[in-house]
Amino acid sequence: MLRRTLTQSQRSFSTAPVILAGRQSLGGRRKAEKKFDVDFMPKFEFDDQTSVGHNLFDNIREVRQYLRKTEFELPKLSAYAKPFQPPTDTQIIKFKTHTYLGEGHPVEKKVVMNVKLSDLKLTETEKHKLLLLAGPRYNVNTDELVMSSERFPYRKQNKMYLKDVLNKLVREAKDTTDTFADIPLHLPKPKQRLEFPKEWIKQ
């Protein structure tokens, strides 16, 4: 009698996986619910805006936010305005950078340096040596040395690097140990600016 009871209890115990328990209870295969399935989407009761309408409202809110800043916050910046002061004779180096508002860009770390060769106050011998060392970085049309750097991750680092390179070039050009006088300098011809006769201008 005891053995028969144990046998019945063992038969009532199911060893099926948990995932099949629901399928066996329904008697068939249950359809998996999907988030964007049309069959499981709630019915639209026309009591709210559509997704397109909400996106339109978000754009309007963003535009109004910037308009409020333009109206009330931008005039406060006039207190920090400074009058323009042209560069002095000692400020001969120009740096050019790019800034992208609202987003990062790899070109933001790049720095371009321009300096006129006549502002370096070099002799003809020193100028000859400097142009040989600079190579194609000399612009004949503008009489400027143009150098750029983007090897470092930050803009200030590239700026300091260009200043160091320029100082080294000037230091080497003023070194009279070897003036490179025996090396010829081949510069490209400057571009000629065409000037049309004034008689050709239509009255």
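Please read these numbers as outputs of a predicted model, since none were measured by experiment.
If you check the side chains of Glu144 and Asn139, you find no donor sitting under 3.5 Å from an acceptor. With no hydrogens or angles considered, no side-chain donor-acceptor pair links Thr123 and Thr125 at under 3.5 Å.
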Inset, instruction - Carefully, step by step, assess Arg171 and Lys168 under the rule side-chain contact (heavy atoms from CB on, under 4.5 Å). - result: CA-CA 5 Å; Arg171 191 183 309 115; Lys168 291 180 181 179; 3.6 Å; yes
Inset, instruction - Please report the C-alpha distance between Ile92 and Lys116 in whole Å, then the side-chain angles of each, then the deciding distance to 0.1 Å, and finally whether the side-chain contact (heavy atoms from CB on, under 4.5 Å) criterion is met. - result: CA-CA 7 Å; Ile92 60 176; Lys116 279 190 172 295; over 6 Å; no
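Between Tyr100 and His105, the shortest heavy-atom distance links the atoms CD1-CB, 3.5 Å. Pairing each heavy atom of Asn141 with each of Pro190, the nearest pair is OD1-CA, 3.3 Å. Closest non-hydrogen pair, Lys76 versus Phe72, comes out as CE-O, 3.5 Å. When all heavy atoms are compared, the tightest approach of Ser148 to Val112 is CB-CG2, 4.0 Å. Taking each heavy atom of Gln49 and Phe57 in turn, the nearest pair found is CG-CE1, 3.7 Å.
Within a 6.0 Å radius of CZ in Phe152, more than 12 heavy atoms belonging to other residues, nucleotides or ligands are found. Heavy-atom neighbours of Asp89 CG from other residues, nucleotides or ligands within 6.0 Å: at or below the threshold of 12. Other residues, nucleotides and ligands place no more than 12 heavy atoms under 6.0 Å from the NE2 atom of His98. Residue Glu103 qualifies as enclosed at atom CD: its count of foreign heavy atoms under 6.0 Å is above 12. A 6.0 Å sphere centred on CZ of Phe95 holds more than 12 heavy atoms belonging to other residues, nucleotides or ligands. Atom CD of Gln91 sits in a crowded spot, with more than 12 heavy atoms from other residues, nucleotides or ligands closer than 6.0 Å.
Counting heavy atoms from C-beta outward, Pro184 and His186 have side chains that approach closer than 4.5 Å. With contacts defined as side-chain heavy-atom distances shorter than 4.5 Å, the pair Glu71/Leu67 does not qualify. Within the 4.5 Å cutoff, no side-chain heavy atoms of Lys127 are placed close to those of Leu130. Using a 4.5 Å cut-off on side-chain heavy atoms (C-beta onward), Asn158 and Lys110 make no contact. Using a 4.5 Å heavy-atom threshold, the side chains of Arg151 and Tyr161 count as touching. In this structure, the side chains of Val146 and Arg137 stay at 4.5 Å or more apart for every pair of heavy atoms. Put simply, the side chain of Val111 does not reach to within 4.5 Å of the side chain of Ser149, judged on heavy atoms. Side-chain atoms of Leu166 and Ile93, non-hydrogen and from C-beta on, do get closer than 4.5 Å to each other.
The line from CG of Leu117 to CG of Leu145 is 5.5 Å long, rounded to the nearest 0.5 Å. To the nearest 0.5 Å, atom CG of residue Leu131 and atom CD1 of residue Ile183 are 12.5 Å apart. Residue Arg68 holds its CZ atom at 13.5 Å from CG of Leu74, rounded to the nearest 0.5 Å.
The hydrophobic cluster containing Tyr154 does not contain Met147, counting ILVMFWY residues as joined when their side-chain heavy atoms lie under 4.5 angstrom apart, directly or transitively. Val52 and Val63 sit in two unconnected hydrophobic clusters of ILVMFWY residues. Membership requires side-chain heavy atoms under 4.5 Å apart, directly or through other members. Met160 and Val165 sit in two unconnected hydrophobic clusters of ILVMFWY residues. Membership requires side-chain heavy atoms under 4.5 Å apart, directly or through other members.
Of the possible polar contacts, one joining the Lys129 side chain to the Glu172 backbone as a donor-acceptor pair under 3.5 Å is found. Listed for the Thr179 side chain is no donor-acceptor partner under 3.5 Å among the backbone atoms of Thr176. Side-chain atoms of His128 do not come within 3.5 Å of backbone N or O of Ala181 as any donor-acceptor pair. Arg155 contributes no side-chain N or O that, together with a main-chain N or O of Thr97, makes up a donor-acceptor pair within less than 3.5 Å. At distances below 3.5 Å, not a single donor-acceptor pair connects side-chain atoms of Glu62 with backbone N or O atoms of Asn59. Asp119 contributes no side-chain N or O that, together with a main-chain N or O of Val115, makes up a donor-acceptor pair within less than 3.5 Å.
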